[in-house]
Amino acid sequence: VQLQASGGGLVQPGGSLRLSCAASGGTFSSYDMGWFRQAPGEEREFVAGTRWSGGSVYYVDYAGSVKGRFTVSRDNAKNTVYLRMNSLQPEDTAVHYCAVARGSWGTVDYWGQGTLVTVSS
């Protein structure tokens, strides 16, 4: 299994970015797919994700710090998860990692390589 993340970069405060993560080596419609981030000197933290609930039902989860600004979505036909980030602030600066899990964001089965998001004027 490989997860290929893209879309990071430098953006000014208040700006937007969209991250993408394409998974390969399997079928992921019955997996949870989402995003974590790690700022310099900090521990990796959960950002947002889509949780499989059976059949074609998915729930979304957000960290409190990004709720209302970020939107997570997925395209199962493309095995891809997205993170739309609006109203970015300097505290959002971090390496963002996509993740695939089953049943709990505390136990991630696969990690992507990370893409850096820098919010600075």
Side-chain angles (χ1 to χ4, degrees):
V1 173
Q2 288 190 330
L3 304 179
Q4 183 67 45
S6 61
L10 173 64
V11 63
Q12 292 186 341
S16 299
L17 282 176
R18 190 179 83 152
L19 306 183
S20 301
C21 176
S24 59
T27 301
F28 300 92
S29 57
S30 61
Y31 282 76
D32 307 332
M33 300 182 75
W35 297 89
F36 288 68
R37 68 186 181 186
Q38 188 167 18
E42 302 290 332
E43 293 188 355
R44 193 172 298 188
E45 63 176 2
F46 173 77
V47 176
T50 65
R51 259 183 308 119
W52 182 62
S53 184
S56 60
V57 178
Y58 298 88
Y59 294 105
V60 293
D61 299 312
Y62 293 99
S65 59
V66 307
K67 192 173 293 185
R69 300 188 297 125
F70 291 10
T71 302
V72 64
S73 61
R74 65 192 290 165
D75 184 338
N76 286 333
K78 297 180 179 180
N79 280 339
T80 299
V81 61
Y82 304 95
L83 185 66
R84 176 68 180 181
M85 304 181 293
N86 295 329
S87 301
L88 283 161
Q89 299 302 317
E91 53 266 33
D92 295 313
T93 294
V95 178
H96 286 64
Y97 298 89
C98 57
V100 170
R102 296 204 79 167
S104 170
W105 295 118
T107 306
V108 172
D109 293 304
Y110 306 105
W111 291 101
Q113 88 284 7
T115 183
L116 178 61
V117 172
T118 303
V119 185
S120 176
S121 55

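Considering only heavy atoms from C-beta on, Tyr97 stays 4.5 Å or farther from Leu3 through its side chain. In this structure, Arg37 and Leu83 have side chains that are not in contact, with every pair of non-hydrogen atoms separated by 4.5 Å or more. Side-chain contact check for Asn76 versus Tyr58: some heavy-atom pair is nearer than 4.5 Å. Side-chain contact check for Thr115 versus Ser6: every heavy-atom pair is 4.5 Å or farther apart.
A continuous path of hydrophobic side-chain contacts links Val81 to Tyr62 [ILVMFWY only; heavy atoms under 4.5 Å]. Placement of Val108 and Val60 in two distinct hydrophobic clusters is found when ILVMFWY residues are connected by side-chain heavy-atom separations under 4.5 Å, directly or transitively. Val72 and Phe28 fall within the same hydrophobic cluster, where Ile, Leu, Val, Met, Phe, Trp and Tyr residues are linked whenever their side-chain heavy atoms come under 4.5 Å apart, directly or through other members.
The distance from the CG atom of Asn79 to the SG atom of Cys21 is 10.0 Å, given to the nearest 0.5 Å. Atoms CH2 and CZ, from Trp111 and Phe36 in turn, are 4.5 Å apart once rounded to the nearest 0.5 Å. Residue Asp32 holds its CG atom at 9.5 Å from OG of Ser53, rounded to the nearest 0.5 Å. The line from OG1 of Thr93 to CG of Leu116 is 7.5 Å long, rounded to the nearest 0.5 Å. Atom OG in Ser30 sits 4.0 Å away from atom CZ in Arg102 (nearest 0.5 Å). Expressed to the nearest 0.5 Å, how far OG of Ser120 lies from CD of Gln12 amounts to 8.5 Å.
Residues that satisfy the side-chain contact (heavy atoms from CB on, under 4.5 Å) test with Val117, not counting sequence neighbours, are Leu17, Leu19, Met85, His96, Val119. In this structure Ser73 satisfies the side-chain contact (heavy atoms from CB on, under 4.5 Å) test together with Tyr82, sequence neighbours excluded. Partners of Ser16 by side chain to side chain donor-acceptor pair (under 3.5 Å), not counting sequence neighbours, listed by chain and number: Asn86.
Residues Gln38 and Glu42 approach most closely at NE2-O, 3.1 Å, considering heavy atoms.
In this structure a side-chain-to-backbone donor-acceptor pair under 3.5 Å is present from Thr50 to Met33. A donor-acceptor distance shorter than 3.5 angstrom exists from the side chain of Gln113 to the backbone of Ala5, with no hydrogens or angles considered. A donor-acceptor distance shorter than 3.5 angstrom exists from the side chain of Arg69 to the backbone of Ser87, with no hydrogens or angles considered.
Residue-environment remark: CD (Glu91) exceeds the threshold of 12 foreign heavy atoms within 6.0 Å. Atom CD of Glu45 sits in a crowded spot, with more than 12 heavy atoms from other residues, nucleotides or ligands closer than 6.0 Å.
The existence of a salt bridge linking Asp61 and Arg51 is confirmed by a sub-4.0 Å separation between a basic side-chain nitrogen and an acidic carboxylate oxygen.
Classification of the Tyr31-Tyr110 ring pair by plane angle, with boundaries at 30° and 60°, yields tilted.
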